[in-house]
Number of protein chains: 2
Amino acid sequence: MRLTKFTDYSLRVVIYLARHPDSLATIADIAREYDIPSTHLMKVVHRLAQCGYILTVRGKGGGMRLARTPDLINVGDLVRDTEDNMDIAECFSPDHQSCPMLPACALKSVLVEARKSFLATLDFYRLSDIMGGATPSLVAPLHQAHGTFAPPSPGKKKRTS
Amino acid sequence: MRLTKFTDYSLRVVIYLARHPDSLATIADIAREYDIPSTHLMKVVHRLAQCGYILTVRGKGGGMRLARTPDLINVGDLVRDTEDNMDIAECFSPDHQSCPMLPACALKSVLVEARKSFLATLDFYRLSDIMGGATPSLVAPLHQAHGTFAPPSPGKKKRTS
DNA sequence: TACTAAGATATATTTTACATGTATCTATTG
DNA sequence: CAATAGATACATGTAAAATATATCTTAGTA
């Protein structure tokens with residue numbers, strides 16, 4: 001079980017941008033920093049722009065920057081937007097109606113719930129929480145939560161504002 | 001983000017065995033039932049036997065059966081034992097000490113926590129909860145939990161006994 | 001004891017999703 | 001109009017996973 005590098009790189013791009021808020025960053029800058037292929041980053045950047053996480057500027061002197069401040073960018077949302085195959089198992093596929101155990105089998109709903117838990121945990125964090133150093137998080141939920149993660153009791157889970 | 005077919009098939013094998021408790025099942029039986037290659041199932045069965053989930057009997061008239069009753073088989077454990085790459089992102093790799101954002105970056109710990117949530121949800125279910133029909137679960141936590149999954153407040157999460 | 005049917009094991013091959021590369025286009029600055 | 005940036009389309013490479021093949025071992029049974 002792993003996320004694609006596409007998602008990984010997407011997270012790194014926004015982390016980079018969050019840590020370099022004062023200037024436009026180019027694809028080449030970021031590729032150099034992480035030592036990853038700029039060809040792949042192009043696609044990543046394109047997607048991030050399409051989804052509204054970053055603003056890009058073409059032409060000489062161009063580059064990109066975050067479209068919002070890091071505390072308004074939710075990690076779970078970003079993963080949902082960049083990871084394009086969230087079908088945990090074969091029984092998620094539309095042409096899998098022939099499973100001999102349906103409808104009794106509850107495997108799928110359990111997997112759906114597990115995936116939901118995964119994303120709900122990510123929803124609990126914003127870019128400002130994971131970017132480190134430069135701009136400290138307003139609240140610091142991270143190391144408190146370890147190992148004994150408890151959802152923010154009642155109400156809204158997502159923290160984007 | 002998806003589990004391997006190896007894990008998928010592993011779950012199906014134990015579900016099949018749970019639903020056919022009265023006789024030994026062969027690899028061919030299970031492969032036929034789900035229309036999946038028996039060659040792959042061999043490896044799956046081998047692993048399940050190694051991990052103690054099933055007992056196998058060689059030779060004519062042989063086959064396999066569950067080593068324990070379905071209420072003693074935990075879904076999370078089984079996934080942990082069959083899914084062999086649980087490294088969500090590149091920064092989980094041991095040779096990834098050169099990340100320019102370390103040690104400030106908290107991405108990894110957030111991903112670790114999300115993975116933990118995923119598995120903790122699976123830990124909440126036993127084979128008897130997902131096998132459907134035949135042998136109803138002793139408790140029925142499934143549809144109550146949907147969408148608003150809450151961990152079993154304080155104390156032990158895993159339900160294997 | 002030989003035959004058959006089952007899993008055990010090792011190795012080889014195929015598939016496929018993902019990653020990466022190349023080329024060209026468009027936009028912007030100076 | 002030259003240089004530099006992203007946008008876009010398409011082509012290729014690659015590594016993990018899935019599948020296949022072959023042989024070995026075990027056990028029942030004729």
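All chains are named by letter (A, B, ...) in the order of the sequence lines, taking the proteins before the strands, and each is independently numbered beginning at 1.
- Using modelled atom types, one finds a donor on one side chain and an acceptor on the other under 3.5 Å when comparing B:Y53 with B:D81.
- A straight line from CD of A:E90 to P of C:dT16 spans 12 Å, rounded to a whole angstrom.
- A sub-4.0 Å separation between OP1 or OP2 of C:dT20 and a side-chain N or O of A:T39 is absent.
- Regarding contacts with the backbone of D:dA7, a side-chain N or O of A:T56 is found under 4.0 angstrom from either OP1 or OP2.
- Separating the CE atom of A:M42 from the C1' atom of D:dA9 is a distance of 12 Å, rounded to the nearest angstrom.
- Look at CD on A:E83: it is 13 Å from C1' on C:dA19, rounded to the nearest Å.
- There is no side-chain donor-acceptor pair under 3.5 Å between B:E113 and A:T121.
- Relative to the ring axis of B:F92, B:K108 places its NZ or CZ within 45° and under 6.0 Å from the centre.
- Map B:F6 and A:V57 each onto its nearest nucleotide of DNA chain D; the residue landing nearer the 5' end is A:V57.
- Taking side-chain N and O atoms only, A:Y9 has a distance below 4.0 Å to OP1 or OP2 of C:dT20.
- You'll find that the side chain of A:P37 is closest to C:dT20, out of D:dA18, C:dA8, C:dT20.
- Of the candidate nucleotides D:dT8, C:dG7, C:dA27, C:dA27 has the atom nearest to the side chain of A:R58.
- Just one of A:L72, A:V75, A:L66 meets the side chain to side chain contact (heavy atoms under 4.5 Å, CB included) condition when paired with A:L127; it is A:L66.
- Atom CZ of A:R47 is separated from atom C1' of C:dC18 by 13 Å (rounded to the nearest Å).
- In this structure, B:D8 atom CG and D:dA17 atom P are separated by 14 Å, rounded to whole Å.
- Separating the CE atom of B:M86 from the P atom of D:dA16 is a distance of 17 Å, rounded to the nearest angstrom.
- For the pair B:L41 CG and C:dA6 P, the interatomic distance rounds to 15 Å; values are reported in whole Å.
- Contact annotation for B:I27: backbone-only contact, meaning every heavy-atom pair under 4.0 Å involves sugar-phosphate atoms and none involves a base.
- One donor-acceptor pair, N or O on each side, does fall under 3.5 Å between the base of D:dT19 and the side chain of B:K43.
- B:T7 and B:T82 form a side-chain donor-acceptor contact under 3.5 Å, judged by distance and modelled atom types alone.
- The residue among B:K60 and A:H40 whose nearest nucleotide of DNA chain C lies closer to the 5′ end is B:K60.
- Closest approach to the B:H46 side chain among C:dA8, D:dA5, C:dA19 is made by C:dA8 (side chain taken as heavy atoms from C-beta onward).
- Closest to the A:N85 side chain, of the nucleotides C:dG7, D:dA20, C:dC18, is C:dC18.
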